[in-house]
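Note sheet for the following structure.
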Amino acid sequence: DAKTTQPPSMDCAEGRAANLPCNHSTISGNEYVYWYRQIHSQGPQYIIHGLKNNETNEMASLIITEDRKSSTLILPHATLRDTAVYYCIVRSGNQGGKLIFGQGTELSVKP
Amino acid sequence: GAVVSQHPSRVICKSGTSVKIECRSLDFQATTMFWYRQFPKQSLMLMATSNEGSKATYEQGVEKDKFLINHASLTLSTLTVTSAHPEDSSFYICSARDPGSNSEAFFGQGTRLTVV
């Protein structure tokens, strides 16, 4: 599976959009981009995933560049409860489902 | 979304004893489950892949005789930490996914193991 690079930490003001970048320059054609987050002392929570097209759900939007070498997770109106570590993971659809976690981005939403 | 339940959420045990952690998929059948370990301030590390009806597949460096995995049914996988030592103290997390090529994985709430 391709590796990902994320900034170790970011701050965001409450109510503003949080834009979390992820670099996956070695991604291959059949690999999806997944985003999970982990609030302290809990299991990771699925946010969103995509292959080529931008995706949106009730939690977030995922913007994938045309060359698929990077993506951005957007939390449109961050709240204090969005403070967590956000993980960007690239996985092939036929790899049996295992997810390999990198170091993630620690997002702090401040009042 | 699908729910994965893990039990217990916290456990304290004495050195040398064994501890069993359960992972259940509550509303779907999971032929495959995954076990992770997470030390403080670190990311999740995949330990093994649990396969229903067959042996688990362990990641490099994980001792299969120390971390026994049993996946006897389509909704239950167990991880037993045998002869636990203080260095085994960690946060253990399981995950499972509905069968499908690109469906998301769901995670349990984790088990905080403290070996004293």
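All chains are named by letter (A, B, ...) in the order of the sequence lines, taking the proteins before the strands, and each is independently numbered beginning at 1. Small disclaimer: the values here were computed from a predicted structure and weren't measured.
- Within 6.0 Å of atom CD in A:Glu106, 12 or fewer heavy atoms from other residues, nucleotides or ligands are found, so the atom counts as exposed in its surroundings.
- Here CD of A:Gln45 is found 11.5 Å from CD of B:Glu104. Values are rounded to the nearest 0.5 Å.
- A:Tyr36 is connected to A:Leu51 through a chain of hydrophobic side-chain contacts under 4.5 Å among Ile, Leu, Val, Met, Phe, Trp and Tyr, so both are in one cluster.
- The ring of B:Phe107 has its center closer than 6.0 angstrom to the ring center of A:Phe101.
- For B:Gln6, no part lies under 4.5 angstrom from a heavy atom of chain A.
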* **Worked check of side-chain contact (heavy atoms from CB on, under 4.5 Å) between B:Ile93 and A:Gln38** => CA-CA 12 Å; B:Ile93 308 167; A:Gln38 185 179 27; 3.9 Å; yes
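- B:Leu74 and B:Trp35 are not part of a single hydrophobic cluster, where members link through side-chain heavy atoms under 4.5 Å apart.
- A:Tyr32 and A:Ile100 fall within the same hydrophobic cluster, where Ile, Leu, Val, Met, Phe, Trp and Tyr residues are linked whenever their side-chain heavy atoms come under 4.5 Å apart, directly or through other members.
- Residues A:Tyr87 and B:Ser43 come closest through the heavy atom pair CE2-OG, 3.4 Å.
- The hydrophobic clustering, which links ILVMFWY residues whose side-chain heavy atoms are closer than 4.5 Å, places A:Ile27 and A:Leu20 together.
- Under the 4.5 Å side-chain contact rule for hydrophobic residues, B:Phe28 and B:Met33 do not share a cluster.
- Nearest approach of B:Tyr36 to A:Lys98, heavy atoms of both residues: OH-C, 4.4 Å.
- A heavy-atom distance below 4.5 Å is not found between the side chains of B:Ser95 and A:Leu99.
- Of residues 12-23 of chain B, no residue lies under 4.5 Å from chain A by any heavy-atom pair.
- Residues of residues 53-63 of chain B lying within less than 4.5 angstrom of chain A, judged on heavy atoms, are B:Glu59 in numerical order.
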